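Okay, so here's the structure we're looking at.
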Amino acid sequence: MRLAGWTMAVIIAVVIILSAIANSSYVEDKLIGLAQDALSKELNTEVKIKHIGLNLLAQHASVYGVTVKDMEHRDMVKIKQIWANFRLRSLLTGKLVLRSVKVDDLDLLILKPDDGPANYQFLIDGSKQKPKQKKQKKGSGLKVDLNGAIVNNIHINYNHEPYDIKQAIYHHLYGKHSVTINHLIANWKNYTRKGIVGWNLDSGQLTVNLSDDGKKSVDIRDLNIRCDNHRPRRNTGKPHHGAFDGGHLDVTANLSVDILNIGKDTITARLVRGCAKDSVAGIDVTELKSDIAVVGKKVFFTNAVIQQVTTRLDIPKAELTLPSKKDGTTLSYKADTINGRAILKDIAKPFAPVLHKFSIPLNLRVGIYGSDKGMNFRGIHINTDDDKLVINATGNLHNLTEGRELTLHFQVHDMVAKPGIKDKIINQFIVKKYMMYQLYALGVIKYHGEFDILWRKEQFRGLLNTEKGDIDFNFEIDGNTKYLTGKVSSDSLKLGDLFQLKKIGDIDGSASFHIDISKERTAEMRKKKGGKLPIGNVKADIKKVQYRNITLKNIATDIQSDGALANGNVTMKGSLTDLMLEFSFTSTEEMHKMKVKPRLKFRNYYKDDKDDE
């Protein structure tokens with residue numbers, strides 16, 4: 001026991017003496033010189049070190065003030081301090097075990113101009129030019145085993161744009177390696193035709209996991225992306241407009257990705273879990289899944305799932321081509337089939353607040369393809385669960401980046417709306433309901449035609465097939481003037497059945513209308529007069545109409561409505577007399593009760609016309 005004690009005392013004394021020698025200024029200068037020369041030769045550039053400290057008793061070493069220059073003698077790498085804890089005993093077996101390494105304040109200068117090599121390219125070129133060393137015999141040389149490392153306060157200057165990483169952590173245990181980056185923070189600006197857009201990114205926590213058995217994964221938590229174009233949001237002062245605004249984003253996302261394979265120009269991966277939310281705009285994607293393959297500039301998606309609160313889209317296959325100035329390619333994409341089940345209230349807040357109560361499930365099938373300039377929709381099929389509403393259509397979106405030049409066009413090949421679904425759809429909206437009886441009376445409605453969505457305008461045209469007759473129509477909703485205008489015509493419309501006017505039979509004619517849809521103007525008028533009628537005018541030209549058992553021809557009708565009372569007149573011109581009627585009503589539901597005042601006008605070819613009632 002006494003011998004063992006003396007042996008331990010001698011070892012401790014030797015370690016203390018060696019530590020004192022190692023920390024002497026002479027030895028430190030030698031160590032700094034050797035380290036600088038070795039690193040400069042290895043990296044083929046200038047390396048400077050200010051101070052090296054070595055404590056064999058505590059088994060740790062520290063290096064201060066490390067600077068690595070690039071080929072232009074700029075400070076490419078600057079490190080304030082490196083601190084390492086090692087196992088002294090492992091050195092006796094030719095193995096350096098670093099239990100932990102800590103780096104404080106790492107500054108990186110990365111310059112990558114478009115017309116020249118990056119400032120770090122010499123490091124890559126140098127590693128390629130070095131001859132391969134002969135394989136060392138087993139047990140020879142010094143092996144390094146790093147258990148863990150922490151880097152605090154990383155500052156990156158990439159092409160004069162600042163990026164900061166609060167902390168990066170490396171951990172190695174039982175054949176598993178992980179690198180965690182906490183709070184990668186970036187700020188940059190985009191200069192657009194409409195002004196400057198400021199962007200902010202905070203990665204939250206990004207973890208890369210690698211296993212000796214080849215498994216790789218990436219996990220992202222609380223990734224936050226924000227942008228601000230320094231202008232009011234598009235829906236400011238416009239509560240009925242959608243809250244989504246590409247100039248004001250605040251998206252938080254979480255992603256988990258398994259990396260299946262990495263090749264020279266290929267990556268295959270699986271997005272296992274994902275979600276994204278912009279609480280301000282109202283976008284809430286609760287689930288994202290997909291198999292992903294990256295081959296050069298192409299990205300292939302397989303079995304993709306996009307789930308909102310109650311809306312789900314399934315995409316069996318999709319393809320994305322990334323833009324490349326070098327190859328002269330632009331952004332393009334296609335998905336032959338997208339299957340979905342949509343409840344439109346999910347998109348109400350970001351895009352259409354009027355849909356906030358729309359809870360009717362709609363089944364969807366569509367194929368899309370397009371570019372950054374526009375999008376095409378083919379094979380659109382929409383139906384309700386009971387098939388009371390079925391729509392088949394195609395469409396396209398043009399001038400996607402041109403603001404007011406943007407146009408959305410749909411060609412409806414056929415649509416069927418059966419009794420029960422029309423009023424059910426209208427009841428999804430908080431609107432005043434006009435002419436509901438007439439809507440019921442039309443029975444099954446079939447439609448084919450087209451419509452366009454333009455800058456603050458919507459245009460609709462086509463043919464309605466109903467149980468009360470066929471109706472051609474063409475009308476426009478003008479968001480600039482706030483008027484609904486258009487024309488309808490029919491060669492055999494059962495108008496009497498629609499308005500409960502038993503004496504009137506089929507009508508062959510046309511009508512044009514001009515209706516005020518301005519909420520400000522109509523609110524002012526209703527405050528003065530009340531009423532439940534639309535505000536505007538209707539003019540009709542009737543070629544032929546059945547009245548009781550009489551056929552009447554060439555009738556002109558003019559109706560003016562102030563919202564509370566509609567006044568109209570009917571004129572049927574004859575060879576010697578004109579038959580005229582004046583009428584008024586206060587509700588489209590009770591037109592059979594309207595007041596009618598007949599008049600007769602005699603023609604006098606020798607004197608001024610004289611009216612006799």
Side-chain angles (χ1 to χ4, degrees), residues 147-151 154 156 163-186 199-227 249-263 265-320 322 333 335 338-341 346 350:
N147 292 335
I150 297 177
V151 184
I154 304 172
I156 303 172
Y163 298 85
D164 294 310
I165 298 175
K166 185 176 181 180
Q167 188 179 67
I169 302 171
Y170 168 74
H171 189 67
H172 175 212
L173 183 65
Y174 302 124
K176 295 182 178 181
H177 306 261
S178 69
V179 177
T180 299
I181 296 175
N182 292 319
H183 298 293
L184 165 61
I185 298 172
W199 289 84
N200 307 95
L201 179 144
D202 185 343
S203 69
Q205 185 180 84
L206 186 152
T207 302
V208 179
N209 297 299
L210 305 172
S211 300
D212 291 345
D213 58 6
K215 293 181 179 180
K216 310 174 187 69
S217 65
V218 178
D219 189 75
I220 301 174
R221 290 285 176 266
D222 299 324
L223 170 67
N224 182 246
I225 299 175
R226 303 182 304 280
C227 79
L249 298 176
D250 190 351
V251 180
T252 300
N254 295 281
L255 302 170
S256 293
V257 181
D258 288 343
I259 309 297
L260 305 178
N261 182 58
I262 298 178
D265 292 316
T266 63
I267 299 175
T268 57
R270 176 168 294 149
L271 176 57
V272 181
R273 291 181 302 276
C275 62
K277 185 174 184 178
D278 187 330
S279 57
V280 177
I283 295 174
D284 188 2
V285 178
T286 59
E287 182 181 8
L288 283 171
K289 288 184 179 180
S290 182
D291 290 335
I292 304 169
V294 181
V295 182
K297 294 293 182 180
K298 287 187 176 290
V299 184
F300 301 91
F301 300 90
T302 308
N303 300 324
V305 174
I306 303 174
Q307 175 77 54
Q308 286 188 273
V309 180
T310 53
T311 294
R312 177 186 174 99
L313 297 178
D314 291 280
I315 309 172
K317 290 183 180 180
E319 180 181 320
L320 172 69
L322 300 173
Y333 48 86
I338 299 175
N339 298 306
R341 183 172 174 82
D346 282 349

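Position 1 is the first residue of the sequence, and the numbers go up from there. Since the structure is predicted, the reported quantities are computational estimates derived from the model, not experimental observations.
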Value rounded to 0.5 Å, distance of CG in D222 from CG in N254: 5.5 Å

Side chain proximity check, I259 to V218, heavy atoms < 4.5 angstrom: yes

Criterion side-chain contact (heavy atoms from CB on, under 4.5 Å) on V294 and T266, from CA distance to verdict: CA-CA 5 Å; V294 181; T266 63; over 6 Å; no

Distance, nearest 0.5 Å, that separates CD of Q205 from CG of N182: 5.0 Å

Separation between CG of D219 and CG of L255, rounded to the nearest 0.5 Å: 8.5 Å

Side chain to side chain, V295 and D265, heavy atoms closer than 4.5 Å: no

Considering all heavy atoms, the nearest A276-V251 contact: CB-CG1, 4.3 Å

Close side-chain approach of S256 to R221, heavy-atom, < 4.5 Å: yes

Full working for side-chain contact (heavy atoms from CB on, under 4.5 Å) between I306 and V285: CA-CA 7 Å; I306 303 174; V285 178; 4.1 Å; yes

For the student: nearest non-hydrogen atoms of I315 and A318, plus distance: CG2-CB, 3.9 Å

Shortest non-hydrogen contact from D278 toward L249: OD2-CA, 3.7 Å

Nearest non-hydrogen partners of A269 and V257, listed with the distance: CB-CG1, 3.7 Å

H183 and D202 side chains, donor-acceptor separation under 3.5 Å: yes

Intermediate values then yes/no, side-chain contact (heavy atoms from CB on, under 4.5 Å), D164 and I154: CA-CA 6 Å; D164 294 310; I154 304 172; over 6 Å; no

side-chain contact (heavy atoms from CB on, under 4.5 Å) partners of R312, counting only residues at least two apart: E287, V305, Q307, D314

Heavy-atom side-chain proximity of Y170 to H177 below 4.5 angstrom: yes

Donor-acceptor pair between T311 and D346 side chains, under 3.5 angstrom: yes

Donor-acceptor contact below 3.5 Å, side chain D212 vs main chain G214: no

R226 side, atom CZ; T252 side, atom OG1 - distance, nearest 0.5 Å: 8.5 Å

Check: S217/D258 side-chain N/O donor and acceptor closer than 3.5 Å: no

Pair T207, S178: side-chain N/O donor-acceptor within cut-off below 3.5 Å: no

Side-chain H-bond candidate by donor/acceptor type, D250 with N224, under 3.5 Å: yes

Which atom of K216 lies closest to which atom of I262, heavy atoms considered: CD-CD1, 4.2 Å

Validation row: K298, E319 side chains within 4.5 angstrom (heavy atoms): yes

Reported CD1-to-CG distance for the pair I338 and L313, which is rounded to 0.5 angstrom: 6.5 Å

Minimum side-chain heavy-atom gap I292-T268 below 4.5 Å: no

Nearest non-hydrogen partners of I283 and P350, listed with the distance: CG1-CB, 3.9 Å

Reported CG-to-NE2 distance for the pair N209 and H171, which is rounded to 0.5 angstrom: 10.5 Å

Trace of the side-chain contact (heavy atoms from CB on, under 4.5 Å) decision for C275 with T286: CA-CA 5 Å; C275 62; T286 59; 5.5 Å; no

